[in-house]
Protein chains: 2
Amino acid sequence: MDKFDLKLDQAARAAWLSYVGGRTQDEIASQLGVSRPGVQRLLALARQEGLVKVHIDHPLSNCMVMSDAITKAFGLEFCDVVPADAQAADSASHYLAVAGAERLSRYIDRNDPLTMSLGTGRSVRATVEALSRVERPQHRFVSLVGNMARDGSSNRFDGVMVLADKTGGDRFLLPAPVVAGSVDEKHALLSQRLIQAVADVAKQAEAGFIGIGRVDRHATLFQDHFISEAELEELLELEAVGELLGWPMNQAGELIDCSTSRRVTSLPLDMLKGQTLIGLAGGRDKGPAILASLRGGWLKGLVTDEHAARYIVETGIDGP
Amino acid sequence: MDKFDLKLDQAARAAWLSYVGGRTQDEIASQLGVSRPGVQRLLALARQEGLVKVHIDHPLSNCMVMSDAITKAFGLEFCDVVPADAQAADSASHYLAVAGAERLSRYIDRNDPLTMSLGTGRSVRATVEALSRVERPQHRFVSLVGNMARDGSSNRFDGVMVLADKTGGDRFLLPAPVVAGSVDEKHALLSQRLIQAVADVAKQAEAGFIGIGRVDRHATLFQDHFISEAELEELLELEAVGELLGWPMNQAGELIDCSTSRRVTSLPLDMLKGQTLIGLAGGRDKGPAILASLRGGWLKGLVTDEHAARYIVETGIDGP
DNA sequence: GGTCTGTCCGATCATTTGATCGATCGATGA
DNA sequence: TCATCGATCGATCAAATGATCGGACAGACC
């Protein structure tokens, strides 16, 4: 045992010289009188035994911890967690938008022609608005969700519109309401050549940025009158907690089949499993919805904030 | 400034991914959307700004033994001994600074308003520079030593300045030279309202971090022209071996009364006996000075290095 | 409006680090 | 005393890192 302690002592010394002193392993080797690989082993030992404690002294380090945990737990390609701003609740959505825009611009900046799909929602809208103007007429942007209200008016501020305006790219809108009036209407809509053409383009998209909706009294779907109060009640009855592109899902992320979901005109989520779907949502209230989306494995990337991330980590990843 | 903060944010992210997450710079680059050299620069920035804190969590048995011996022998509250580095004497002061900063941050991190006093010297300066930035505007930092040179210029990089900048706390500087030109000038200075006000704040400090100066040909006091060659000779004649805040003392730690010491404007050491004075100094050459300070009982804590510690243990504590 | 300067960015190369594998030394048992 | 097993050590190579350089962009000044 004494031998091991001696080694640990030397390991600690090597760690000091390396991490605090910034010496190279060669220098440490000559100082401690061992070979360079020997120093290597000492350092490995020091790390393994937990002698080396690294602390990043910045508020973001919290976010990084959670981001890492979420990425690993749900097999994402990335997860951006923006810091919560205690004194300015309204700016939280702005942070989200900036972070989202940064991800988005990674795709847009490319010169090769690109097809990108977009969902709807405040987050998506804010994200594209936060994007800076670049000339990319070769790109194509396509809606994954109908952008018409029930009264036939079309949302002028659809994400696709703004994005196409900013880049000069082509736009493909889905001229349909999010939720059709009846199953028959839905089938009628979906059989239209125009809509099928848009759907075809959407299938070719290599990535999609979509919002994540909660399903409760404050649901966007309900507040924006895409679904009626009775329909909301039915969804709640069936334990829906969130929705992606209008498709409701339960806590486990399983799609819910019901009278409402049968009338949703958006592209089926199954069809999009091949492409990189990126969720944008923040706020503790959205936590359950985001967690459901992650559990269902629908997303490849997530941009969220500290509040939601904390909910997800605490609720979704505590068990082993 | 906003731009700089954003950069720092990203630097923190990069540092986290690199040091905590163990990713390679390539992975970080693709994750943050910058080039690899970009990551490199971010990491350099993070280190430079002190975002990265490394702590080696192992008591080196050698250091530990001496630390214990010194703590007991001189009735200290603590004694930190950092490992020595054979080559590269310059980095030794960095080790000291890291250890000192760790002690210092124990005080600073507190939320209740705090008054701390600081001496001058390279060690103190390095220590505050190694401290990470924290927002603590409620704290007050006060000089124990005049921070003006004889030509009237004031050291912009006084420890108090840097510390106040880093925390946003209040600063109280002593607008006086360390050693006045004459006894009359000293009294004139000390009777100034302004200086008395600063002294009053200093008396309220609950802890002070001060350097320990040697008195010989390489004395800081002499090299920085705070005292003349003739004055140095006089001090050596009187067997001065060290000084605290400019107050010279002999081997036994007794203050020396002489033409020089009568002109020192710093706060009297007696007045500070109530507060926790913590000495920062390392290197075998500083051994005698440190030992004298300990023997005089002026210090409650010590941060030193292996060299000085060995000198102290061998010279000062050999008899039982 | 043009040019100039300073700053920032990314390609390239030298250095450092991490990992593998064969060799050597020591311990143990016949 | 010798053989064998095991552990540790150091040579070598691939990967990762740090540093330098040339070029491009933005802002300022003329």
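Atom P of nucleotide D:dG18 and atom CG of B:L45 are separated by 14 Å, given to the nearest angstrom. If you measure from atom CG of B:L43 to atom P of D:dT17, you get 9 Å, rounded to the nearest angstrom. Atoms CD (A:Q25) and C1' (C:dG18) sit 8 Å apart, rounded to a whole Å. Atom-to-atom, CG of B:L17 to C1' of D:dA16 comes out at 16 Å; the value is rounded to the nearest Å. Atom CD of B:Q10 and atom P of C:dC8 are 14 Å apart (whole Å). The nearest whole Å value for the distance from the OH atom in A:Y19 to the C1' atom in D:dT17 is 14 Å. Here the P atom of nucleotide C:dT15 and the CZ atom of A:R23 are 19 Å apart, to the nearest Å. Computed from coordinates, the A:Q48 CD to C:dG18 P distance equals 14 Å when rounded to whole Å.
Using modelled atom types, one side-chain atom of B:K166 and one backbone atom of B:E129 make a donor-acceptor pair closer than 3.5 Å.
In terms of phosphate contacts, A:R47 brings no side-chain nitrogen or oxygen within less than 4.0 Å of OP1 or OP2 of C:dT17. Regarding contacts with the backbone of C:dC9, a side-chain N or O of B:K7 is found under 4.0 angstrom from either OP1 or OP2.
When distances run from any side-chain atom of B:Q40 to the nucleotides C:dT17, D:dA19, D:dA16, the shortest one goes to D:dA19. Nearest nucleotide to the side chain of A:P37, out of D:dT17, D:dG10, C:dG10: D:dG10.
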Quick one: do A:M116 and A:L104 satisfy side-chain contact (heavy atoms from CB on, under 4.5 Å)? Show the steps, please. CA-CA 10 Å; A:M116 292 216 53; A:L104 185 53; 4.0 Å; yes
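Side chain A:R41 to base C:dG18: no donor-acceptor pair is found below 3.5 Å. At a cut-off of 3.5 angstrom, counting only N and O atoms as typed in the model, there is a donor on one side and an acceptor on the other between the side-chain of B:R36 and the base of D:dG18.
Contact check on B:K7 versus B:E49 returns no salt bridge, with no Lys/Arg side-chain nitrogen under 4.0 Å from an Asp/Glu carboxylate oxygen. Under the 4.0 Å criterion applied to side-chain N and carboxylate O atoms, B:R133 and A:D57 are not assigned as salt-bridge partners. Under a 4.0 Å N-O distance rule, the pair A:R106/A:E102 does not qualify as a salt bridge.
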